[in-house]
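What follows is a single structure, written as structure tokens, with notes after it.
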Protein chains: 2
Amino acid sequence: MGRLQTFDSTTVVQSARDVFWDLGYDGASLADLEAATGVNRSSLYHAFGSKRGLFDAAVADYRDTVISPRLRGLQADGAGRRELLAYFDELREAVAALPLDSPRRGCLLVNCATGLATHDEPAREVVEAYRTELAAALRNALAGGPAENTDERVRTLASLSMSAMLLARVNAAESAALLSTAADQVRAWFPAP
Amino acid sequence: MGRLQTFDSTTVVQSARDVFWDLGYDGASLADLEAATGVNRSSLYHAFGSKRGLFDAAVADYRDTVISPRLRGLQADGAGRRELLAYFDELREAVAALPLDSPRRGCLLVNCATGLATHDEPAREVVEAYRTELAAALRNALAGGPAENTDERVRTLASLSMSAMLLARVNAAESAALLSTAADQVRAWFPAP
DNA sequence: GTTATAGTGAAACGAGCGGTACAGAACATT
DNA sequence: AATGTTCTGTACCGCTCGTTTCACTATAAC
């Protein structure tokens with residue numbers, strides 16, 4: 001009963017997600033979000049309650065549509081060398097494919113790690129959950145190979161992933177090089193089939 | 001001729017540096033900076049021109065008093081295994097020594113990488129220069145050991161350093177673990193003397 | 001002691017922020 | 001068609017931001 005919502009929530013959340021991704025939580029103003037979504041702030045507040053509510057929806061969408069697809073291969077039963085190489089190669093291509101004048105966005109959650117997450121406990125937990133999930137996925141795929149120095153290797157690969165996302169916003173070429181290095185490590189640890 | 005400045009510029013810059021370190025450039029307000037330095041904004045503007053001018057002075061101080069001392073050992077002629085282990089051990093102790101309720105600050109420049117540096121070219125260059133200097137210092141120290149996979153090893157150690165600084169603000173224990181991992185890598189690559 | 005110069009403090013500036021009030025528009029139900 | 005409910009656009013709220021103004025104070029030079 002009553003008037004129907006005239007916009008599609010999913011597309012609005014994704015537009016907002018890209019603004020937060022590019023500008024950060026504090027850097028994104030309501031005016032920016034209105035412009036990117038094409039939706040008036042009164043409608044945004046009606047649907048999401050607050051700027052923070054919209055941000056939380058954007059983060060949830062980011063996990064579902066960006067992170068999960070990337071980690072799925074690593075998380076599968078029997079994942080191993082091939083899935084690790086695919087993960088780092090695809091991530092490297094994504095970083096390298098960005099035109100130089102486009103927003104260098106990196107990872108929304110890595111960007112949060114030095115921003116919101118430092119003085120906001122819920123945000124900190126989301127970032128930490130992401131790190132844990134990444135480490136678990138890498139560990140799962142590494143379990144298919146030689147059982148040497150597993151903790152150390154998980155940390156090295158997670159570290160290369162995260163710092164590549166950090167550097168994506170500063171030096172895209174070096175970011176890609178870090179991901180190539182990760183792939184090289186995987187090749188050195190895993191015997192080629 | 002004229003009235004003399006009543007505050008010490010160095011201590012004021014360092015107080016401001018700590019505020020920027022903790023809160024970030026955008027997150028630090030003039031009121032915060034006045035409170036931390038004990039200096040009125042009109043005096044800050046007289047001495048530094050703008051908030052950005054004070055920030056630039058804070059970054060310069062950070063390089064001089066925080067980064068340079070840490071990298072000095074790695075940069076010395078003849079640096080090698082011992083200097084690498086000292087670097088990672090000292091950094092790990094610094095991360096672990098922070099009381100849990102104190103500001104988890106990480107690295108001022110790493111914090112900038114996902115903030116200012118993404119839409120401000122001068123800031124981006126400062127962060128990139130720091131990364132270059134870190135890589136060069138690690139390379140110098142690695143040159144004292146076996147000449148295998150040097151590029152890869154430089155990237156791995158730089159990556160562990162940077163992601164440890166990133167995680168210092170999210171999970172101090174894991175941050176310290178990354179730095180231990182780096183030290184383990186050094187031990188594995190370098191024959192013990 | 002007078003004067004020119006420079007640092008300091010209080011107050012206020014305009015701009016932009018996140019958030020809200022309210023009237024009107026659009027729909028489901030009756 | 002009438003009614004009740006929900007969504008939307010405008011216009012505005014109070015607040016905080018970085019910055020500036022200006023009167024006042026303190027010092028160096030003469």
Tell me every residue that passes ring pair (Phe, Tyr, Trp, His ring centres under 6.0 Å) with B/Phe55, counting only those two or more places apart in sequence or in another chain. B/Phe20, B/Tyr25
Using whole Å, report how far CG of A/Leu4 lies from P of D/dG4. 19 Å
Let me check something: any side-chain donor-acceptor pairs from residues 155-163 of chain A under 3.5 Å, sequence neighbours excluded? List them with distances.
residue  : atom : partner  : partner atom : Å
A/Arg155 : NE   : B/Glu174 : OE2          : 2.9
A/Arg155 : NH2  : B/Glu174 : OE1          : 3.4
A/Thr156 : OG1  : A/Glu152 : O            : 2.9
A/Thr156 : OG1  : B/Gln185 : NE2          : 2.9
A/Ser159 : OG   : B/Ser159 : O            : 3.1
A/Ser159 : OG   : B/Ser159 : OG           : 3.1
A/Ser159 : OG   : B/Leu160 : N            : 3.4
A/Ser159 : OG   : B/Ser163 : OG           : 2.5
A/Ser161 : OG   : A/Leu157 : O            : 3.0
A/Ser163 : OG   : A/Ser159 : O            : 2.6
A/Ser163 : OG   : B/Ser159 : OG           : 2.5

Between P of D/dC17 and CG of B/Leu33, the distance in whole Å: 11 Å
If only side-chain N and O atoms count, and only distance matters, is there a donor-acceptor pair under 3.5 Å linking B/Asp18 with B/Ser15? no
Produce a footprint string for nucleotides 12-24 of chain C: one letter per nucleotide, 5' end first; B if the base is under 4.0 Å from any protein heavy atom, S if only the sugar-phosphate is, - if neither. -----SBBBB--B
Answer yes or no: does a side-chain N or O of A/Thr6 lie under 4.0 Å from OP1 or OP2 of C/dA26? no
I need the CZ-P distance between B/Phe55 and D/dG18, as an integer number of Å. 13 Å
Can you pull the salt bridge (charged side-chain N to carboxylate O under 4.0 Å, His left out) pairs that have at least one residue in residues 69-89 of chain B, sequence neighbours excluded? B/Asp89-B/Arg92
If I take atom CD in residue A/Gln5 and atom C1' in nucleotide C/dA28, what distance separates them, rounded to the nearest angstrom? 16 Å
My understanding is that only residues two or more places apart in sequence, or in another chain, count here; which of them pass ring pair (Phe, Tyr, Trp, His ring centres under 6.0 Å) with A/Tyr62? A/Trp21
Mind checking who shares a hydrophobic cluster with A/Leu30, ILVMFWY linked at side-chain heavy-atom distances under 4.5 Å? A/Tyr45
